[in-house]
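Worth knowing before you read on, the calculation uses all heavy atoms, side chains too, and leaves out hydrogens, waters and symmetry mates. We count ligands from 1, going down the list as the structure has it; atoms in each ligand are counted the same way.
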Amino acid sequence: MSSPVSYELEGNIGVITVDNPPVNALSQPVRQGLLDAVTAAQADGSEALVILCAGRTFIAGADITEFGKPLKSPWLPELLAAIEASEKRVIAAIHGTALGGGFETALSAHYRCAVATAKIGLPEIKLGLLPGAGGTQRTPRLAGVQAALELITSGTPIAAEEGQAIGLIDRIIEGDLREGAIAWARDLAASDAPVRRSSEQPVPEFDPGIFDAWRAELAKRARGQIAPEHIVTCVEVGATTSFAEGMAKERELFMECMDSPQSAGMRHIFFAERTAAKVEGLAKDTPQRTIAKVGIIGGGTMGGGIAMSFANAGFDVTLIEVDDEALKRGLGIIERNYAGSVKRGKLSESDAAGHRARIAGSTDYASLADVDLVVEAVFEDPELKKTIFKKLDDTCKTGAILATNTSYQDVDAIAAVTGRPQDVIGMHFFSPAHIMKLLEVVRGAKTADDVLSTVMGLAKKIGKVPVVSGVCYGFIGNRMLKPYGETAQLMLLEGASPEQIDNAMEAWGMAMGPLRVFDLAGLDVGYKARQALSDAEKGDPKSYRVPDLLVELGRMGQKSGAGFYSYDENRRAIPDPAVDKLIEIAAEDLGVERRTITDEEIVDRLISALVNEGRKILDEGIAQRSSDIDVVYVYGYGFPASRGGPMFYADNKG
Ligand code: 3HC
Ligand code: NAI
């Protein structure tokens with residue numbers, strides 16, 4: 001088999017090219033090829049070596065598929081030590097994304113150049129890891145301790161120019177990267193520029209208190225995760241002792257992270273997210289419809305956020321509301337959201353203005369005549385939705401995709417009122433829709449393949465993680481939430497308090513405990529839905545008695561200042577003895593004996609409730625695969641990625 005790394009001499013410059021599609025990951029043959037090329041170059045006529053990549057990107061990292069398997073020589077740290085030790089000057093030439101071990105490879109070179117569109121970063125923390133090939137040691141030597149901690153603990157890549165500003169990139173190349181890098185290498189050789197090894201640079205001066213300050217901050221930001229704390233330790237050891245000691249510590253803690261269940265969970269989610277994009281039975285070459293103009297119906301909580309998601313990605317959006325007043329209110333919320341992002345430094349003023357300008361408002365459905373996609377986000381009322389879809393059928397051009405953001409309703413029944421059910425699909429966003437990454441794509445019985453394919457592609461363009469769901473009440477996520485919520489209600493009656501349940505789940509890793517979630521969403525929503533049902537349809541009264549009583553006392557959750565908790569003016573949840581009393585009375589009334597419930601039991605029963613429903617969803621073919629359910633819960637419901645999602649967690653628990 002030919003090597004994915006080639007080496008050729010261009011005059012006095014040795015050019016090493018990595019060609020390992022799709023992202024030039026550092027698999028064993030790539031590591032071996034790089035080592036062979038650098039070794040060979042030591043004995044030839046080259047005066048400088050350029051390392052660059054073919055295809056869409058510079059090396060995007062270690063090969064994650066090799067993780068968890070026996071390490072094969074040469075190890076990445078050994079390879080990078082060999083590159084750095086080269087007697088010939090080594091220049092890394094970056095395009096695309098130089099990430100993780102890829103950026104560490106660039107750090108082991110003596111000089112770094114990049115095209116302006118390139119990005120560099122150390123995203124290992126997102127896989128529950130730390131940079132394991134010198135990233136925690138070389139970065140602070142070039143950029144200082146503060147900038148290094150920012151880059152490594154955020155995991156967020158930065159633009160080449162920003163990298164240049166902090167000393168990680170030496171030169172931005174205009175025009176052709178290969179030509180520019182070779183020309184620069186010739187200049188460096190001609191001027192007898194030194195072989196400049198990052199490991200030999202001193203760490204710029206720093207405040208000795210910086211490490212404890214970062215530890216305190218990360219303990220809050222990344223509760224319960226081991227990698228962030230270990231990153232600080234690695235940087236500290238390297239900055240306060242020597243490069244060699246720092247490397248030894250980095251290796252030790254990298255292996256600890258690699259062997260941790262946290263990293264196994266996060267690596268599972270990395271691949272699960274990418275697998276979710278693949279739809280069974282949908283050919284890879286299925287055509288996609290062109291989408292440029294998007295209509296959104298309903299400018300409430302969801303419609304506004306959905307409009308922003310499309311506008312932020314460059315789509316022209318028309319937002320439809322019932323009357324001028326509702327339209328003004330909806331557009332007003334969008335404006336305040338953009339202003340808030342500018343204020344928090346998340347968005348520049350000009351970008352915000354550009355995005356906002358793409359959203360037009362209207363109260364006339366005729367303005368949807370030429371849109372390519374409509375997303376309906378009106379009240380959760382099936383009859384209203386059907387009326388609207390009939391109107392869309394009359395109004396929209398042939399080939400337009402008609403999507404509903406319904407949380408629960410039957411997408412097939414909605415499609416059936418139109419003369420074009422093949423164009424109807426569910427696009428279930430999560431609140432706040434311009435922030436939450438999950439998009440459940442609900443495939444109706446008659447949804448056309450090209451419609452599904454278009455929406456899956458579109459999701460990626462607007463920065464969402466799409467997961468396909470079949471049609472059922474609540475689709476994947478909300479359907480699983482039902483038994484989860486009911487189990488929480490049962491445990492309240494059996495003796496747990498709201499704060500015990502929430503604290504147990506949050507300590508375990510959920511972003512928010514179930515009762516705090518109900519208070520946030522509003523208890524009146526479920527109450528109203530139950531009022532429309534017969535007693536038999538409502539199910540066991542134990543599963544809803546407490547929230548019904550709370551609503552009847554005017555306790556709707558955060559919006560009314562009280563629900564399972566009382567809320568102060570800062571919306572802080574305060575345990576309320578009146579709620580404890582109410583639960584006791586309900587338990588007695590329903591004949592439930594109260595007892596002590598442990599935190600372990602709470603976690604076990606709640607997660608089991610999710611997993612059991614997940615199994616049914618799989619058996620019924622509502623979800624394509626178990627890992628899709630994990631993606632739904634991690635990206636839509638605050639399930640900790642470090643536990644890999646409910647199904648992964650259950651599989652590992654046995
Ligand atoms: N190893 C193995 N496979 C990888 C990979 C990696 N590091 N990165 C991406 N891939 C695979 C994906 O699984 C996907 O495979 P598929 O087509 O079979 O599903 C394919 O490459 C394309 O990936 P994307 O769909 O994500 O492509 P994008 O163009 O959207 O994104 C990217 C490209 C920005 C490079 C993105 O893939 C990414 O962020 N990759 C991970 C980068 C990373 O985390 N690197 C650090 C690894 S850990 C490390 O280096 C440890 C070191 O310090 C020792
Ligand atoms: P909302 O009540 O905040 O907004 C609904 C908007 O639709 C209102 O502004 C209303 O004026 C408008 N509207 C009503 N009839 C209309 C019509 N005929 N034409 C145009 N506009 C009309 O509701 P929300 O929360 O945004 O929910 C909308 C949909 O999204 C529902 O189907 C809901 O189930 C779903 N959803 C809600 C989530 C949430 O967390 N709120 C999450 C995911 C989906």
Side-chain angles (χ1 to χ4, degrees), residues 20-27 56-67 75-77 80 96-105 107 119 121-136 152 155 157 250-251 254 257-258 263 266-267 270-278 295-306 319-323 325-327 329-330 333 362-363 365 375-382 384-385 387-388 391 404-409 426-433 436 438-440 460 474-475 477-478 520-522 525 529 636:
N20 184 32
V23 297
N24 289 313
L26 286 157
S27 60
R56 67 201 223 209
T57 179
F58 192 78
I59 301 165
D63 185 340
I64 306 171
T65 58
E66 288 183 353
F67 289 0
W75 288 15
L76 191 58
L80 301 195
T97 42
L99 300 178
F103 184 56
E104 290 174 300
T105 305
L107 288 173
K119 288 195 165 174
L122 295 163
E124 285 87 345
I125 195 167
K126 296 186 175 167
L127 298 169
L129 297 172
L130 49 90
T136 66
I152 307 173
E250 184 189 83
R251 178 88 323 225
F254 176 78
C257 289
M258 179 69 88
S263 177
M266 290 164 102
R267 273 146 38 204
F270 176 85
F271 288 114
E273 175 187 336
R274 282 152 182 87
T275 307
K278 298 175 177 91
I296 311 283
I297 308 183
T301 308
M302 294 307 290
I306 298 169
L319 186 70
I320 303 279
E321 259 293 353
V322 273
D323 53 32
E325 199 185 318
L327 185 60
R329 191 175 56 231
I333 295 171
S362 171
T363 54
Y365 277 67
V375 183
E376 166 277 312
V378 304
F379 306 129
E380 186 71 352
D381 169 348
L384 175 61
K385 289 187 191 286
T387 312
I388 287 174
K391 239 193 245 183
T404 172
N405 179 49
T406 180
S407 305
Y408 292 97
Q409 303 308 321
M427 287 178 78
H428 184 215
F429 290 80
F430 288 74
S431 179
M436 293 294 285
L438 179 65
L439 180 70
E440 276 185 331
K460 214 174 167 191
F475 316 121
N478 283 344
L520 181 67
V525 183

Using a 4.0 Å heavy-atom cut-off, which part of [X] comes near ligand 1: side chain, backbone, both, or neither?
{"X": "Pro123", "answer": "side chain"}
{"X": "Lys126", "answer": "neither"}
{"X": "Asp63", "answer": "both"}
{"X": "Ala60", "answer": "both"}
{"X": "Leu127", "answer": "side chain"}

Would Glu66 count as a contact of ligand 1 if the rule is a heavy atom under 4.0 Å away?
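The answer is no: ligand 1 sits nowhere under 4.0 Å from a heavy atom of Glu66.
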Atom 30 (O) of ligand 2 protein-contacted, heavy-atom criterion under 4.0 angstrom
yes
Of the protein's non-hydrogen atoms, which lies at the shortest distance from atom 1 (N) of ligand 1, and what is that distance?
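Looking at atom 1 (N) of ligand 1, the protein heavy atom closest to it is Ile64 N, 2.9 Å.
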What protein heavy atom lies closest to atom 9 (O) of ligand 2? Include the residue and the distance to one decimal.
Glu321 OE2, 2.5 Å
Is there a polar contact, in the sense of an N or O pair closer than 3.5 Å, between Gly303 and ligand 2?
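Among all N and O atoms of Gly303, none is under 3.5 Å from an N or O of ligand 2.
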For ligand 2 and His428, I'd like to know whether there is a polar contact (N/O to N/O, distance under 3.5 Å).
no
So which of [options] gets nearest to [atom], if we judge by its closest heavy atom?
{"atom": "atom 39 (O) of ligand 1", "options": "Thr65, Leu99, Ile125", "value": "Leu99"}
{"atom": "atom 16 (P) of ligand 1", "options": "Arg274, Lys278, Met266, Glu273", "value": "Lys278"}
{"atom": "atom 5 (C) of ligand 2", "options": "Phe430, Tyr408, Phe379", "value": "Phe379"}
{"atom": "atom 35 (C) of ligand 2", "options": "Ser407, Gly522, Ser362", "value": "Ser407"}

Yes or no: does Lys385 have any heavy atom under 4.0 Å from an atom of ligand 2?
yes
Would you check whether Gly330 reaches within less than 4.0 Å of ligand 2, judged by its heavy atoms?
no
Per-atom contacts, ligand 1 versus Phe271 - under 4.0 Å to a heavy atom
13 (O)
Short list, please: which atoms of ligand 1 are under 4.0 Å from a heavy atom of Pro131?
53 (O)
Pairwise side-chain contact, Val322 with Thr363, heavy-atom cut-off 4.5 Å (strictly under):
no
Which ligand 2 atoms does Ile297 reach within 4.0 Å, using its non-hydrogen atoms?
19 (N), 20 (C)
For ligand 2, which atoms have a heavy atom of Ile320 less than 4.0 angstrom away?
20 (C), 21 (N)
Main chain of Glu380, side chain of Lys385: is a donor-acceptor contact present, judged purely on distance under 3.5 Å?
no
